[in-house]
Amino acid sequence: MLDRIPGAEPFPGSAAARTFITEVEAFIAGDLAALVSRHGITHESGAPRAVLDEIWQLSRARGFYGVTLPKSLGGAGFSVLDHVLIKEAIYATGSPVAPHVLGELSGPPRVGALAKVVSANQLERFVVPVAEARQAICFAITEAEAGSDAGAVQTRAVRDGDHYVLNGAKRFISGAPFCDLALIIASTSDDPARREVSAFFVERSTAGFAVEAGYKTMAGQAGTGNIVLTDCRVPVANRLGGEGDGLRMALGRITVNRLLHCPAMLGHARVAFRDALAHANRRQQFGRPIAQFQAVQHMLADMATELAASRALMLSVARGLDAGDDATDGASMAKLFCSETAFRVADKAVQVLGGEGIVQGSRVEFLFRMLRMYRVLTGTSEIQRNTIARTLITA
């Protein structure tokens, strides 16, 4: 929403980004809200694949889906700064399908960075269908023994003529339950002591490709699943780059990606803050709104201050990236600070709402659980601290 956050600067993005935000907010409040209501979608229930297809096509028809892609694939060419502002605004609407407006879990943002490294054949077969909302993709890196240490993957890809045979298991893969294809990260090394990680496009229809879903995260959502590969034969033409290039390609945009998770966290936190503020002004105790009590006022003041501070850091890092700076430490600082701050905001929102805030089905109760997850997802807070400390020590 284009409402000004207390303590924050006026809208700092481009005129094109401001226009885009106004239009996408109207879309979410109109057509998308009607779809959500019609299908009974909540934050916890999620949406089945058929409904997701409908959301993606609606968004694409309005010019939103794919906007983050390179211009060569139909994107708008927004700066990183504009991108974080747009994403923050989408999540700040509070829509239960906010991640699907731009295809965050399985669409264009997942393939945009690959446009420069895929072959012409891969571009046509895998990237364009995702960009056009005809297929959904997931990135499968995490395993039981390979999380923060992504290079430790145990999934094996053994060359057999003009194919590779893949065996292994991935877990906690976002978007896996409704994917059409996956970018699988696997080891192609024949020596266990030598790390050589490669990347492969693998279609779900390939024999030996199985998705195990049905479990939910602590936020109650079922958009995560495991992928099991059993003697899965994949053409050499599906390999992304050369052998050993997989991890570098998969993590090549890690700095930008870490930053781009911050607007989602802050968008969620803004919703929690607004709900807490509205409740404090509405809820009566001892003959007056609880917003008039100093204890509640201090919680609201802390929430607003921390939101403004974390947002300022996020925007500063975005500007640095647009200027060509090496923002490795800044992106980790932003991810660390925004995730920890957003969770504190949600925690205070629960406190302000009191009994209403701890009831399952309450939006702030959901946001409390969701924002707790962000301290683990996409690189734990401890991993971010390691990255920051490493840049300090080697400076």
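In this text, all values refer to a predicted model and were calculated from it rather than measured experimentally.
- Within the 4.5 Å cutoff, the side chain of Asp180 has no heavy atoms near those of the Arg204 side chain.
- Residues Leu371 and Ala346 share a closest heavy-atom pair of CD1-CB, 3.8 Å.
- Under the 3.5 Å distance criterion, the side-chain polar atoms of Arg195 are left unmatched by any main-chain donor or acceptor of Val153.
- Under the 4.5 Å side-chain contact rule for hydrophobic residues, Leu183 and Ile173 do not share a cluster.
- Ser189 places a side-chain N or O within donor-acceptor distance of the main-chain N or O of Arg194, the cut-off being under 3.5 Å.
- Note that CG of Asp325 is 11.5 Å distant from OG1 of Thr255, once rounded to the nearest 0.5 Å.
- Annotation: ring pair (Phe, Tyr, Trp, His ring centres under 6.0 Å) contacts of Phe20 (sequence neighbours excluded): Phe64, Phe78.
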Side chains of residues 352-361: which donor-acceptor partners sit under 3.5 Å, not counting sequence neighbours?
none

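- The minimum heavy-atom distance linking Leu69 with Val111 is given by the pair CD2-CG2, 4.2 Å.
- Note: Lys116 NZ to Leu123 CG = 13.5 Å, rounded to the nearest 0.5 Å.
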Chi angles and distances behind the side-chain contact (heavy atoms from CB on, under 4.5 Å) call for Phe200, Thr155: CA-CA 12 Å; Phe200 303 87; Thr155 296; over 6 Å; no
Glu25/Thr93 under side chain to side chain donor-acceptor pair (under 3.5 Å): CA gap, chis, key distance, verdict: CA-CA 7 Å; Glu25 285 178 342; Thr93 64; over 6 Å; no
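- Counting all heavy atoms, side chain and backbone alike, Ala318 lies closest to Val84 at CB-CG2, 4.2 Å.
- Remark: the Arg239 side chain and the Tyr164 side chain contain an N/O donor-acceptor pair separated by less than 3.5 Å.
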Criterion side-chain contact (heavy atoms from CB on, under 4.5 Å) on Leu266 and Leu307, from CA distance to verdict: CA-CA 7 Å; Leu266 297 187; Leu307 274 173; 4.3 Å; yes
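- The CD atom of Glu132 sits 9.5 Å away from the CD atom of Gln57 when rounded to the nearest 0.5 Å.
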Derivation of the side-chain contact (heavy atoms from CB on, under 4.5 Å) call for His100 and Leu52: CA-CA 8 Å; His100 296 289; Leu52 291 179; 3.5 Å; yes
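- No donor-acceptor pair under 3.5 Å is formed between the side chain of Ser332 and the backbone N or O of Asp329.
- For the pair Lys335 (side chain) and Leu259 (backbone), a donor-acceptor distance under 3.5 Å is absent.
- We find the CD-OG distance between Glu243 and Ser198 to be 5.0 Å, quoted to the nearest 0.5 Å.
- Of all the heavy atoms in Val236 and His163, the pair that sits closest is CG2-N, 3.7 Å.
- Aromatic ring centroids of Tyr374 and Phe343 lie 6.0 Å or more apart.
- With a 4.5 Å cut-off on side-chain heavy atoms, His83 and Pro263 do not count as touching.
- Ion pair Glu145/Arg171 not flagged as a salt bridge, since none of the NZ, NE, NH1 or NH2 atoms sits closer than 4.0 Å to an Asp/Glu carboxylate oxygen.
- Looking only at distances, no side-chain donor or acceptor of Gln135 sits under 3.5 Å from a matching main-chain atom of Phe126.
- Clustering ILVMFWY residues whenever any of their side-chain heavy atoms sit less than 4.5 angstrom apart, transitively, puts Val202 in a cluster other than the one holding Phe139.
- Between Asn257 and Thr378 the shortest side-chain heavy-atom distance does not fall below 4.5 Å.
- There is no side-chain donor-acceptor pair under 3.5 Å between Glu196 and Ser187.
- How far CZ of Arg125 is from CG of Leu181: 9.5 Å, rounded to the nearest 0.5 Å.
- Smallest separation of non-hydrogen atoms from Leu114 and Arg110: CD1-O, 4.2 Å.
- Considering only heavy atoms from C-beta on, Asn167 stays 4.5 Å or farther from Leu229 through its side chain.
- Closest approach of Leu336 and Gln384 over heavy atoms only: CB-CB, 3.9 Å.
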Leu166 vs Arg156, side-chain contact (heavy atoms from CB on, under 4.5 Å): CA-CA, chis, key distance, verdict: CA-CA 6 Å; Leu166 274 63; Arg156 296 271 294 133; over 6 Å; no
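- Once rounded to the nearest 0.5 Å, the distance linking CD of Glu365 with CG of Leu367 reads 9.0 Å.
- Within the 4.5 Å cutoff, side-chain heavy atoms of Leu240 are placed close to those of Gln122.
- The backbone N or O of Phe201 sits less than 3.5 Å from a side-chain atom of Asn238, completing a donor-acceptor pair.
- No donor-acceptor distance shorter than 3.5 angstrom exists from the side chain of His261 to the backbone of Ser339, with no hydrogens or angles considered.
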For residues 101-109, run the donor-acceptor check on the side chains, cut-off 3.5 Å, and write out each pair with its distance to 0.1 Å, sequence neighbours left out.
from: Glu104; atom 1: OE1; to: Lys87; atom 2: NZ; distance (Å): 3.2

For residues 284-302, please give each side-chain donor-acceptor pair under 3.5 Å, one per line with the distance, not counting sequence neighbours.
from: Gln284; atom 1: OE1; to: Arg288; atom 2: N; distance (Å): 3.3
from: Gln297; atom 1: NE2; to: Ala291; atom 2: O; distance (Å): 3.0

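- In this structure, the side chain of Asp160 does not engage the main chain of Val165 through any donor-acceptor pair within 3.5 Å.
- Taking Thr341 as the reference, Glu306, Ser310, Phe337, Arg344, Val345 meet the side-chain contact (heavy atoms from CB on, under 4.5 Å) condition, with sequence neighbours excluded.
- Side-chain atoms of Ser119 and Asn121 include no donor-acceptor pair closer than 3.5 Å.
- Note on Leu73 and Ile137: same hydrophobic cluster, where clusters join Ile, Leu, Val, Met, Phe, Trp and Tyr whose side-chain heavy atoms are under 4.5 Å apart, directly or indirectly.
- Neither Leu260 nor Leu377 shares a network with the other; the hydrophobic side chains, linked directly or stepwise wherever heavy atoms of I, L, V, M, F, W or Y lie under 4.5 Å apart, form separate groups for each.
- The hydrophobic clustering, which links ILVMFWY residues whose side-chain heavy atoms are closer than 4.5 Å, places Met370 and Val376 apart.
- Salt bridge annotation for Glu44-Arg369: present, with a cationic side-chain nitrogen under 4.0 angstrom from a carboxylate oxygen.
- Partners of Asp53 under the side-chain contact (heavy atoms from CB on, under 4.5 Å) rule, at least two apart in sequence or in another chain, are Arg49, Trp56.
- Between the side chain of Thr19 and the backbone N or O of Ala15 there is at least one donor-acceptor pair closer than 3.5 Å.
- Using a 4.0 Å cut-off between a side-chain N of Lys or Arg and a carboxylate O of Asp or Glu, Asp347 and Arg372 do not qualify as a salt bridge.
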Check against salt bridge (Lys or Arg N to Asp or Glu O under 4.0 Å), Glu88 and Arg270: CA-CA 9 Å; Glu88 179 194 28; Arg270 284 174 62 181; 3.2 Å; yes
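- Of the charged side-chain nitrogens involved, at least one lies within less than 4.0 Å of a carboxylate oxygen, so that Asp275 and Arg363 count as a salt-bridged pair.
- One N or O on the side chain of Thr206 and one on the backbone of Glu203 form a donor-acceptor pair closer than 3.5 Å.
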Steps toward salt bridge (Lys or Arg N to Asp or Glu O under 4.0 Å) verdict (Arg375, Glu340): CA-CA 7 Å; Arg375 295 167 64 196; Glu340 298 287 339; 3.2 Å; yes
